[in-house]
Amino acid sequence: MTQREFLQLVAENYPGIEARLPFYCSCYSPCFPTPQPISPSATPTYAFLTASTPLTAVAGNGIAFTVRNTSGDIFVSGDTITLQKPGVYAVTYNLNLPYATTLSTQLTLQLNGARVAGTQVHVNKTDTASSNTVFGQAILTVPTAPATLRLISSAAINIPVESNADILATMNIIRL
């Protein structure tokens, strides 16, 4: 028996007691408003992007990603990611450098053509006897949409094919 059912039973069996039950209401809608549907703006925005082998980028340009999973309001065209909704986004990325690869660069997130302060990650892999993973993340505020996001490399990247199944870079984007 719910609390509401109990109070209803008490009220029916003891006339006049309703005034002494401070939290009891015999009507439904004023006491318990009907739940409102979730608005479309509350639907999640997300994307999981990958870059496979061979991974190449010209100095000063972005890394080209492929969509693996998206909510549909994040679009990718080459090295440019378009965010279709304003808001706050959590962005994480990683770059997997295989054994035989050497790379010296600076990776930076760029929003609407401007570098995002604090997102620089320095990469200096000279050892060909081990692999390496580089990781970066940021919380970005996108005041107006559409907005473009890119992961820029300060130096040229040319990571050859070791296995066709290799995923050399990933990026996750989630609107908070």
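Everything numeric here is computed off the predicted structure, so don't read it as measured data. All values below come from the heavy atoms of this structure, side chains included, with hydrogens, waters and symmetry mates left out.
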Quiz item: Which atoms form the tightest heavy-atom contact between Thr105 and Ser153, and what is the distance?
Solution: OG1-OG, 2.7 Å
Quiz item: Where the side chain of Asn112 meets the backbone of Thr148, is there a donor-acceptor pair that is under 3.5 Å apart?
Solution: yes
Quiz item: Under a single-linkage definition using a 4.5 Å side-chain heavy-atom cutoff for Ile, Leu, Val, Met, Phe, Trp and Tyr, are Val67 and Leu149 assigned to the same hydrophobic cluster?
Solution: yes
Quiz item: Considering the options Ile63, Ile74, Ile173, which one meets the side chain to side chain contact (heavy atoms under 4.5 Å, CB included) requirement together with Leu49?
Solution: Ile173
Exercise. Starting at CE of Met171, measure out to OG1 of Thr66 and round the result to the nearest 0.5 Å.
Key: 12.5 Å
Quiz prompt | Minimal non-hydrogen separation, Val116 against Gln120, with atom names | solution = O-NE2, 4.0 Å
Self-check item: Least distance between heavy atoms, Ala156 atom then Leu103 atom
Solution: O-CD1, 3.8 Å
Quiz item: Does any pair with a residue in residues 68-77 pass salt bridge (charged side-chain N to carboxylate O under 4.0 Å, His left out), and if so which ones, sequence neighbours excluded?
Solution: Asp73-Lys85
Quiz item: Same hydrophobic cluster for Val76 and Leu55, using side-chain heavy-atom links shorter than 4.5 Å among ILVMFWY?
Solution: yes
Self-check item: Hydrophobic cluster identity match, Val134 and Ile157, side-chain contacts under 4.5 Å
Solution: yes
Exercise. Keeping the roles fixed (side chain from Thr128, backbone from Thr101), state whether a donor-acceptor pair exists under 3.5 Å.
Key: no
Self-check item: Point-to-point distance, once rounded to the nearest 0.5 Å, from CD of Gln106 to NE2 of His122
Solution: 4.5 Å
Practice problem: Compare all side-chain heavy atoms of Thr144 with those of Pro86 and state whether any distance is below 4.5 angstrom. | Solution: no
Self-check item: Between CG on residue Leu83 and OG1 on residue Thr45, distance to nearest 0.5 Å
Solution: 9.0 Å
Quiz item: What pair of heavy atoms forms the shortest contact from Val142 to Tyr89, and how long is it?
Solution: CG2-CD1, 3.6 Å
Quiz item: Shortest non-hydrogen contact from Ser154 to Ala59?
Solution: O-CB, 3.5 Å
Quiz item: So do the side chains of Tyr46 and Asn69 get within less than 4.5 Å of each other, counting heavy atoms only?
Solution: yes
Practice problem: Could you tell me whether a side-chain N or O of Asp79 sits under 3.5 Å from a main-chain N or O of Arg150, the two making a donor and an acceptor? | Solution: no
Quiz item: Rounded to the nearest 0.5 Å, how far apart are OG1 of Thr170 and CZ of Phe65?
Solution: 7.0 Å
Practice problem: May I ask whether Leu97 and Val121 are part of the same hydrophobic cluster, defined by side-chain heavy atoms of I, L, V, M, F, W, Y residues being less than 4.5 angstrom apart, directly or through others? | Solution: yes
Quiz item: Are Ile152 and Tyr93 linked, directly or through other ILVMFWY residues, by side chains that come within less than 4.5 angstrom of each other?
Solution: no
Quiz item: Between Thr119 and Thr108, do the side chains contain an N or O donor and an N or O acceptor separated by less than 3.5 Å?
Solution: no
Practice problem: Tell me, please, which residues at least two apart from Ser130 pass side-chain hydrogen bond (donor to acceptor under 3.5 Å, both in side chains). | Solution: Asp127
Quiz item: Is the backbone of Tyr99 close enough, under 3.5 Å, to the side chain of Lys125 for a donor and an acceptor to pair up by distance?
Solution: yes
Quiz prompt | Rounded distance [0.5 Å steps], OG1 in Thr92 versus CD1 in Ile174 | solution = 7.0 Å
Self-check item: Atom of Pro44, atom of Ser71 and distance for their closest heavy-atom approach
Solution: O-CB, 3.6 Å
Quiz item: How many angstroms lie between CG in Asn124 and OG1 in Thr102, if you round to the nearest 0.5 Å?
Solution: 9.5 Å
Quiz item: Got Leu109 and Leu151 here, is their nearest side-chain heavy-atom distance under 4.5 Å?
Solution: yes
Quiz item: Side chains of Leu168 and Pro98: closer than 4.5 Å at any heavy-atom pair?
Solution: yes
